[in-house]
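This report refers to the structure that appears directly beneath it.
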Amino acid sequence: MNALPSPQPKGLKPSCRMRTLTTWLYFAGLFWIILAAKLWLIGQFGNSTPYWDQWNGEASLFLVPYLEHHLQLASLFDGHCEHRIFFSRVLAIGLLKLNGLWDPKLEMVVQAFIHVACILLFIGLCRQALASYAARLALGLFTTAIFVIPFGWENTLWGFQSQMCFVSLWGLIGIGCCWRYRTLSPGWWLGIASCGLGLISMASGLFAPAVICGLHIVRAAQNRSDWCRQFLGSLVLITIVIAGFLLVCHVPAHDGLKAHSVGQFLAALLKIASWPTAIPWLAPLFQAPVFLLLFWALWQRRPAADPAWLLISLGLWGEAQSLAIAYGRAVGSYASRYADNFTLTLCINCACLLYLFITLNGRPKKALVILGLWWFGVVSGSLVYVSITRLPAEIAHKRSEILTQENNVRAFLFTHDLAAFKARPFLQLPFPDPALLAAFLNHPVLRDILPTNLRDPLIPAHIATNPSGSFGPEDYSPEITGRSYETILGSYNSITGNAATGTIEFNYPAGGRTSWLKMFVAGNPQAPGMSLTLIDERGSVRAITPATDAGHVWQSAVFHRPDGPFTLRIQDKNPAAWLAFTLPREVGPASLASNFLQRIALWLVPLGIALVCLAIRLDPGPHASHPLVE
């Protein structure tokens, strides 16, 4: 047979059809819960200011050449640090094409979708190994709970980390397919193709084929009559692993981050293995389930088709990535951007523990219960402790840091004061080289695609006021905080207060990168006599209305720009009210969609919980056959 037995969609019993429905409801609920947590984090703490490697590794080397029509396909496979991040580059170019503007926050949202898909794929694979309905439910809820907590916040809040998601995605598909399907069958080759794609996602993509090669050795040892097939399959996998090693780039500047002694390597490894506690002596406990399952499978000579080998393969894949981080990043191995790997490894250990609990009987099971209670107690307590004591301060510090960086970049774009820009302390700019960052910002092509929060406002062809000077610069109520390095016009007068009235018109030419504009408004835009209107070349008038009456808080107003020239008219005919506004800036349509998802993030949580509860309520019972296990 080419695959493990699977049910046919026709002729399913009613209980099985209901289980299929509840499975989809369950996965949909988990999807929205985890995604909501990520979207909320992005909405609250994310920023569209590009950070660090995005300036040179994304914009300067790929987005700008793409826009200038001289980007070579081979360049997409060039090294970045030690990695080949082909898919991350294609994603960045695709989002730029879709959105019209470069927006790292949009990249964060797309990354969130990819990462949640990886998490659900992992849960789906492990469900094939767990014959107990309660165990499958427990694993799904544990995995969801641990990924809802933003231990890997650095990946979530950095739009340049999609390679972490892609390498996990291809690795999970590769291991799942090569375990499930017979060697050299079409399904197996699909897994091999996924392993190959992992090599051009990150350097760690080579670990999945290495682990699968070990699985083939087990198959060959158990069925010597099939050794030729397994040998050929192993040869293919070894070729992929060798290719992966050859694709790894050497970066001399990163040599100082590597382990330079066995002691340094072991110290980093024990620290990683004991994540999130950083207490080395807890490492054997946290990683014990994977190795216990491996020992048990070898001792019992479990057949290669046994789901235990799927969990073992996933576990060794996770452990291999920890080894790589311990060696390659012995300095800084506990950075948040690696936490998603550590979290997944913990979830794999949880799955192994549940599998052993289901399978063992007698005295071994009693001992396992004690180990399991200890494992869950220590792990859960550690996760809760870290999420309360460490995470809030780390995320708040990151938000403060990126806001400072955004403000300093805006200052340079507004004043062009290079000396002051170069004098900024380290990490007060989003790139380590101020002179090179200034060159990036001054590049006309790159400046033309900057995110909305950094880009220049639209330049009007003509401005007319009636009466003259009725809308003056920085004329807004002293009760409102201004917007730094932004041109603000208003009808509030420091002498007469709200009494000033008038009209101002901005005439804009046709054309632009996007068809959507965004401006900020304060004061009383919805009061009688106040109006913000857009007039196209045919004379059609359309009102621009902020979501709420702004008052003393800046509110955004988003509106669609006509295809041709248009006029933006702002009127204040109410002597008892005032109005202030910024000049409009372009905003991408995909950015608007991602912003909408961030705003409704909290509403997705009850939706997800309701779907999970509905799935549990409708489930036909623990004895009904399950489509992912049969």
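The first residue of the sequence shown is numbered 1, and numbering continues consecutively from there.
With hydrogens and angles left out, the side-chain atoms of Q428 and T404 include no donor and acceptor closer than 3.5 Å. No hydrogens or angles considered: a donor-acceptor pair under 3.5 Å links the side chains of E58 and W102.
Applying the salt bridge (charged side-chain N to carboxylate O under 4.0 Å, His left out) rule to pairs touching residues 384-393 yields R390-E394, sequence neighbours excluded. Contacts classified as salt bridge (charged side-chain N to carboxylate O under 4.0 Å, His left out) and involving residues 102-120 (residues at least two apart or in different chains) are not found. For residues 585-609, the set of pairs meeting the ring pair (Phe, Tyr, Trp, His ring centres under 6.0 Å) definition, not counting sequence neighbours, is empty. For residues 395-404, every residue pair satisfying the salt bridge (charged side-chain N to carboxylate O under 4.0 Å, His left out) rule, not counting sequence neighbours, is listed here: K398-E401. Within the structure, ring pair (Phe, Tyr, Trp, His ring centres under 6.0 Å) contacts touching residues 381-413 (residues at least two apart or in different chains) are F412-F421. Applying the side-chain hydrogen bond (donor to acceptor under 3.5 Å, both in side chains) rule to pairs touching residues 24-33 yields nothing, sequence neighbours excluded.
Residues L125 and L172 have side chains in contact (heavy-atom distance under 4.5 Å, counting atoms from C-beta outward). With contacts defined as side-chain heavy-atom distances shorter than 4.5 Å, the pair Q555/F520 does not qualify. At least one side-chain heavy atom of P473 sits under 4.5 Å from a side-chain heavy atom of L489.
Judged purely by atom type and a 3.5 angstrom limit, Y334 has no side-chain atom pairing as donor or acceptor with the backbone of I272.
Between S333 and Y338, the shortest heavy-atom distance links the atoms O-CD1, 3.5 Å. Annotation for F27 and L120: closest pair CE2-O, 3.5 Å, computed over non-hydrogen atoms.
Using a 4.0 Å cut-off between a side-chain N of Lys or Arg and a carboxylate O of Asp or Glu, E586 and R561 qualify as a salt bridge.
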